[in-house]
There are 2 protein chains.
Amino acid sequence: MGEAKIELLRGTLDMLILKVVAMCPSHGYAIAQRLQQISKDFFQVHQGSLYPALHRLEDRGWLQAEWKNSETGREAKFYALTKKGRRQMDPEVVNWERLCDAVGQVLRAPEEES
Amino acid sequence: MGEAKIELLRGTLDMLILKVVAMCPSHGYAIAQRLQQISKDFFQVHQGSLYPALHRLEDRGWLQAEWKNSETGREAKFYALTKKGRRQMDPEVVNWERLCDAVGQVLRAPEEES
DNA sequence: GAGGATGCCTAGAAAGCCGACATATATACA
DNA sequence: TGTATATATGTCGGCTTTCTAGGCATCCTC
């Protein structure tokens with residue numbers, strides 16, 4: 001029974017992808033791996049979320065794609081952050097931090113009202 | 001043009017509602033106000049999000065509703081946290097904190113790779 | 001040759017949020 | 001008296017995002 005499936009990404013996936021790509025242009029598979037590594041296995045980016053997100057971000061002009069050879073010598077689609085993507089990402093990060101603060105305010109509010 | 005509408009709640013609404021109700025059983029309108037106050041106007045809970053969420057949480061047995069008179073002497077539907085709701089909320093809060101940590105790990109990762 | 005890792009993709013369903021709308025009462029004010 | 005505003009609840013349709021579950025292809029190792 002039980003089966004308490006926890007949703008992991010909650011609308012942060014786009015921002016996380018932009019950030020990883022800002023660190024270093026990468027292909028989808030590597031982006032997912034890096035997110036999992038950096039987050040110490042908290043994020044498990046499913047391919048059914050990853051690739052639609054990449055196409056979305058490319059459509060919006062935030063990422064630019066180019067086919068290249070990966071480290072293993074195979075064809076892979078490398079995504080790079082565009083200037084437009086940078087202009088999107090920075091405020092999004094600020095907004096995320098404000099969101100965290102706001103949620104923290106609520107969660108840390110005392111349960112007893114005086 | 002411009003108009004960068006930022007989505008504020010991102011899947012945290014349920015948890016926030018549970019937390020506010022854990023502080024003090026309240027009706028919907030007051031919950032929205034309190035969230036806005038505590039978060040210093042960062043959260044603006046829209047009615048089209050709030051009431052479906054309350055019904056959802058009640059259907060799942062996490063909240064229990066009761067009609068009472070509000071402070072202004074009008075009929076209002078007061079929601080209280082159930083034991084089941086408590087058992088839902090606590091791990092959700094822990095998970096949220098882990099999510100914040102994980103996102104922070106990514107966002108604070110250096111953009112230059114050595 | 002079988003399996004696993006690497007790499008890309010899509011389709012369908014479910015869920016959540018928002019904007020807009022509808023409704024009703026109490027209060028304040030002109 | 002009439003009107004606007006705050007209080008209070010709700011629905012509906014559309015949009016976006018996510019997940020599950022599949023498909024396809026190559027390369028390497030056993």
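Below, read A as the first sequence line, B as the second, and so on, with proteins coming before strands; counting in each chain starts at 1. Please read all numbers here as calculations on a predicted model, not as lab measurements.
- One can place CG of B/L9 at 5 Å from P of C/dC18, the figure rounded to the nearest angstrom.
- Distances from the side chain of A/S49 to the nucleotides D/dT18, C/dC8, C/dG16 place D/dT18 closest.
- The distance from atom CG of A/L9 to atom CG of A/L16, rounded to the nearest 0.5 Å, is 7.0 Å.
- Within the structure, the salt bridge (Lys or Arg N to Asp or Glu O under 4.0 Å) test picks out no pair touching residues 94-107 of chain A (sequence neighbours left out).
- At a threshold of 4.0 angstrom between heavy atoms, the contacts of B/L50 with the nucleic acid are absent.
- Between B/H55 and D/dT11, a side-chain N or O to OP1/OP2 separation shorter than 4.0 Å is present.
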Please list every donor-acceptor pair under 3.5 Å in which a side-chain atom of residues 68-84 of chain B meets a protein atom from a residue at least two apart or in another chain.
{"residue": "B/S70", "atom": "OG", "partner": "B/T72", "partner atom": "N", "Å": "3.3"}
{"residue": "B/S70", "atom": "OG", "partner": "B/T72", "partner atom": "OG1", "Å": "2.9"}
{"residue": "B/S70", "atom": "OG", "partner": "B/R74", "partner atom": "O", "Å": "3.4"}
{"residue": "B/T82", "atom": "OG1", "partner": "B/G61", "partner atom": "O", "Å": "2.6"}
{"residue": "B/T82", "atom": "OG1", "partner": "B/W62", "partner atom": "O", "Å": "3.2"}
{"residue": "B/T82", "atom": "OG1", "partner": "B/K84", "partner atom": "N", "Å": "3.4"}
{"residue": "B/T82", "atom": "OG1", "partner": "B/G85", "partner atom": "N", "Å": "2.9"}
{"residue": "B/K84", "atom": "NZ", "partner": "B/R60", "partner atom": "O", "Å": "3.3"}

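- Among residues two or more places apart in sequence or in another chain, the salt bridge (charged side-chain N to carboxylate O under 4.0 Å, His left out) test is passed with A/R87 by none.
- Contact check, A/Y51 against C/dC8: a side-chain N or O comes under 4.0 Å of OP1 or OP2.
- Of the listed nucleotides (D/dT17, D/dT7, C/dC17), D/dT7 has the atom at the smallest distance from the side chain of B/Y29.
- In this entry the distance linking CD1 of A/I31 with P of C/dG7 reads 12 Å, nearest Å.
- No contact: A/Q44 has no heavy atom under 4.0 Å from any strand.
- One can place CD of A/E75 at 12 Å from C1' of C/dC8, the figure rounded to the nearest angstrom.
- Taking atom CZ on B/F78 and atom C1' on D/dT9, their separation rounds to 13 Å, with Å as the unit.
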Give the table of side-chain donor-acceptor pairs shorter than 3.5 Å for residues 48-56 of chain B, with sequence neighbours excluded, one pair per line with atom names and distance.
{"residue": "B/H55", "atom": "ND1", "partner": "B/Y51", "partner atom": "O", "Å": "3.3"}
{"residue": "B/R56", "atom": "NH2", "partner": "B/D14", "partner atom": "OD1", "Å": "2.7"}

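- Taken residue by residue, residues 56-74 of chain A places heavy atoms nearer than 4.0 Å to DNA chain D at A/R56, A/R60, A/R74.
- Residue contacts for B/G48: at a heavy-atom cut-off of 4.0 Å it reaches a base atom on one of the strands shown.
- Here the side chains of B/V93 and B/M15 are in contact, with some heavy-atom distance below 4.5 Å.
- For residues 19-28 of chain A, the pairs satisfying side-chain hydrogen bond (donor to acceptor under 3.5 Å, both in side chains) are A/K19-B/E111, A/S26-A/R34, with sequence neighbours left out.
- Atom CD of A/Q64 has 12 or fewer heavy atoms from other residues, nucleotides or ligands within 6.0 Å.
- Atom C1' of nucleotide D/dT17 and atom CD1 of A/I17 are separated by 12 Å, given to the nearest angstrom.
- Rounded to an integer number of Å, the gap from CZ of B/R34 to P of D/dA8 is 11 Å.
- Here D/dT17 presents its P atom at 10 Å from CZ of B/R10, a figure rounded to the nearest Å.
- Of the listed nucleotides (C/dT6, C/dC9, C/dT10), C/dC9 has the atom at the smallest distance from the side chain of A/K77.
- The nearest whole Å value for the distance from the NE2 atom in A/H27 to the P atom in C/dA5 is 15 Å.
- For C/dC17, the OP1/OP2 oxygens have no side-chain nitrogen or oxygen of B/H46 closer than 4.0 Å.
- Judged by distance alone with a 3.5 Å cut-off, no donor-acceptor contact links the side chain of B/Q47 to the base of C/dC18.
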